[in-house]
Amino acid sequence: MAKKQQNAITPMRAEDYPEWYQQVIKAAELAEVSPVRGCMVIKPWGYSIWENMQGVLDGMFKETGHVNAYFPLFIPMSYLEREAEHVEGFAKECAVVTHHRLEPDPEGGLKPAGELEEPLIVRPTSETIIGETYSKWVQSYRDLPILINQWANVVRWELRTRLFLRTAEFLWQEGHTVHATEAEAVEETEAILDLYGRFAEEYMAMPVVKGEKTRDERFPGAVNTYSIEAMMQDHKALQAGTSHFLGQNFSKACKINFLDQEGQEVFAWTTSWGVSTRLIGGLIMTHSDDDGLVLPPRLAPRHVVIIPIFRGDDERSEVLGYCEKLKAEVEAREYDDGKVRVELDDRDIRGGEKVWQHIKKGVPIRLEVGPRDIASDSVFMGRRDLSPKDKSGVSREEFITRVPEILGEIQKSLYDKALKFREDRTRTIDNLDEFREFFSSEAEGGFAGGFALSHFADDGGGEDLLKELKVTPRCIPVEEAGNLGECIFTGKPGSRLTVFAKAY
RNA sequence: CGGGGUGUAGCUCAGCCUGGUAGAGCGCUACGUUCGGGACGUAGAGGUCGGUGGUUCGAUUCCACUCACCCCGACCA
């Protein structure tokens, strides 16, 4: 018998973080690389997580007055050209469709034929095609606001890709709203930022810093971009969602104008905002450990897995019968405005192997149920937020009563742990020596840095040092809006407190 | 788009230097023994060695070309 593995994932985080990340995805069966360069296959377990995210976000959008619609995958190239900064931002990574037909070629294969008069691009984002549509819909101030979201796939031809974090095609939602006044559009932008923050913290159990992007980090064509930034376990920042105030840039480019109450022809104010399957990458790197994925209960496809333990046919029918009944009893309980999601894993494989599979997939609660438990009318419970060794017997009745509470505890413990992790690695830094030191010296696990809070003028300065350290300004936290001081790079007074970090 | 590398079983790879048409581990199938921390044994299935062309009696092996993918840079939700 080979020696026992200490943990499920090789390598461990501290040994090789990027490789650990890949292995967690593989072990949890979340996704795999596809034959198409830069694209991924999202497997059922990974897709279920996305579906749960969609369900919650979709509900939140609708509660705030938004509705869903769908716009085309293809955008005429000329549309993209309308907004200069927008073109510049996306031109380098667009997939272009130039033909609409295939013909046999001399070698027995196929070749494109039927060249299009105007090339179509596969949407990298939909501001222009939606703006074009909105220009027809908006005639009067009475047509506003328009509050529309779409769930879609987009393509950005990335050269370096990583599952969930950056792929050539990804799934997301993009909200596009039109407002009569600037104030209303700004309010929308901020409300969505807030919504994303609540989703990240309350559902993903992933603490985020909500803030405004610096000049160079803004969305191409936006007047102002806001983002939520989360700290991953390698101390790097992940931009997990963005909300853009587009001013009148796109309404002018797409001619979204209307007659206001004074009968004046004016341009509308627009916003756009999105989160993508990248959130799954954030989820993985926030909670997972050296035994694989750890899922917050509110987004877990399964809350409880029951693993029957038996040998022989006699025990089999007895144990399975007990488990079926247990499953029904647990499913009758409510958690988070829904049923507790229970799986009875009666597959014909060994118990130990089975238990580890569920650990690697991040199921919050595992119940091992064998003859010994049945005799005492109890279950043997393991929680994913605790060590795999840390299992304990609980009476069946007590477990059934407490399931929702336990799930709530796990949700909270994951958030608290992640928040403490971030706070322990966030420092307010006022001088350059300390700034350099913070991002150069290796802390525990071989990871340098974290979040540095420094005043920053955001009008030039510090480029060389930032490049050397591979650090970027992540955002200007909304909560620190009034915190002004001298720019760490230029000494300019009245500079805003800004989060700096290495970023994904 | 620059620099480096790799293509052999479902996966990870050995074999190639010193040509004689294929191997290991994992996985998969069957049976048996097992079974509350990731099992073991036995028997099997599975490959036109990335593609094309050349050298040769003979190419996975040598040569040329080509395609694909990976890694490091520049760029990025």
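Note on naming: letters A, B, ... go to the chains in the order of the sequence lines (proteins, then strands), and numbering restarts at 1 for each one. Predicted model only: the values in this text are computed from it and were never measured.
- Taking the charged nitrogens against the carboxylate oxygens, A/D289 and A/R384 do have a contact shorter than 4.0 Å, which makes a salt bridge.
- Using modelled atom types and a 3.5 Å distance limit, the side chains of A/D377 and A/Y322 yield a donor-acceptor pair.
- Among residues two or more places apart in sequence or in another chain, the ring pair (Phe, Tyr, Trp, His ring centres under 6.0 Å) test is passed with A/H303 by A/Y335.
- Comparing the C1' positions of B/U42 and B/G38 gives an interatomic distance of 22 Å, to the nearest angstrom.
- The partner of B/U52 is B/A64, by the rule that a Watson-Crick or G-U pair needs both atom distances under 3.5 Å.
- Under the Watson-Crick and G-U wobble criteria, each requiring two contacts below 3.5 Å, nucleotide B/A22 is left unpaired.
- Applying the 5.5 angstrom centroid cut-off and the 30 degree plane-angle cut-off, the aromatic ring of A/F380 is not stacked upon the base of B/G36.
- Of all nucleotides listed (B/C1, B/C70, B/G36), B/C70 comes nearest to the side chain of A/R37.
- Between the CZ atom of A/R160 and the P atom of B/C75 there is a distance of 13 Å, given to the nearest Å.
- Taking the C1' atoms as reference points, B/A45 lies 8 Å from B/C28, given to the whole Å.
- Contacts of A/K213 with the nucleic acid, taken as non-hydrogen atoms under 4.0 Å apart, are absent.
- On the C1' atoms, B/A30 is 27 Å away from B/G36, given to the nearest whole Å.
- A cation-pi arrangement is absent between A/K391 and A/F380 under the rule of less than 6.0 angstrom and at most 45 degrees off the ring axis.
- Ionic pairing of A/K26 and A/E19 is not present here: no N-O contact between side-chain nitrogen and carboxylate oxygen is shorter than 4.0 angstrom.
- Neither side chain, A/R366 nor A/H358, offers a donor N or O lying under 3.5 Å from an acceptor on the other.
- Listed candidates were B/A77, B/G36, B/G38. Nearest to the side chain of A/T242 is B/A77.
- Between B/U66 and B/G23, the two P atoms lie 34 Å apart (nearest whole Å).
- No side-chain donor from either of A/T271 and A/E188 sits under 3.5 Å from a side-chain acceptor of the other.
- Here the separation of B/U12 from B/C31, taken at their P atoms, is 30 Å to the nearest Å.
- Contact check for A/I309 versus A/V319: no side-chain heavy atoms found under the 4.5 Å cut-off.
- Counting non-hydrogen atoms under 4.0 angstrom, A/F219 reaches nothing in the nucleic acid.
- Between B/C71 and B/U60, the distance separating the two P atoms is 30 Å to the nearest Å.
- Across the strands present, B/G2 finds its partner in B/C72; the criterion is a Watson-Crick or G-U wobble pair with both atom distances under 3.5 angstrom.
- Between B/A77, B/G36, B/G38, one nucleotide has an atom nearer to the side chain of A/T167 than all others, and that is B/A77.
- B/G41 and B/C31 make up a base pair, with Watson-Crick or G-U wobble contacts both under 3.5 Å.
- A/P124 comes within contact range of no nucleotide atom at all, as no heavy-atom separation falls under 4.0 Å.
- Nucleotide B/C71 holds its C1' atom 13 Å from the CG atom of A/D16, rounded to whole Å.
- Side-chain contact of A/Q239 with A/S227: a donor-acceptor pair under 3.5 Å is absent, judged by distance alone.
- Here A/E158 lies in heavy-atom contact (under 4.0 Å) with a base.
- B/G47 makes up no base pair with any nucleotide shown, lacking Watson-Crick or G-U wobble contacts both under 3.5 Å.
- The residue among A/A503 and A/Q357 whose nearest nucleotide of RNA chain B lies closer to the 5′ end is A/Q357.
- One finds a side-chain N or O of A/R350 lying less than 4.0 angstrom from the OP1 or OP2 phosphate oxygen of B/A39.
- Using a 4.0 Å cut-off between charged side-chain N and carboxylate O, A/D290 and A/R13 make a salt bridge.
- Of the candidate nucleotides B/A39, B/A77, B/C35, B/A77 has the atom nearest to the side chain of A/F170.
- Less than 4.0 Å separates RNA chain B from at least one heavy atom of each of the following residues of residues 269-281 of chain A: A/S276, A/R278.
- Between A/A168 and A/G370, it is A/G370 whose nearest contact on RNA chain B lies nearer the 5' terminus.
- Among the protein residues, A/L165 comes within range of the nucleic acid bases, having at least one heavy atom under 4.0 Å from a base atom.
- Relative to the side chain of A/K92, the nucleotides B/C75, B/G36, B/G73 differ in distance, and B/C75 lies closest.
- Per the geometry, CD belonging to A/E368 stands 12 Å off C1' belonging to B/G38, to the nearest Å.
- When the P atom is used for both B/U55 and B/A14, the distance is 31 Å, rounded to whole Å.
- As rounded to whole Å, 13 Å separates atom C1' of B/G27 from atom CD of A/E29.
- With both ends at atom C1', the span from B/G3 to B/C40 equals 49 Å, rounded to whole Å.
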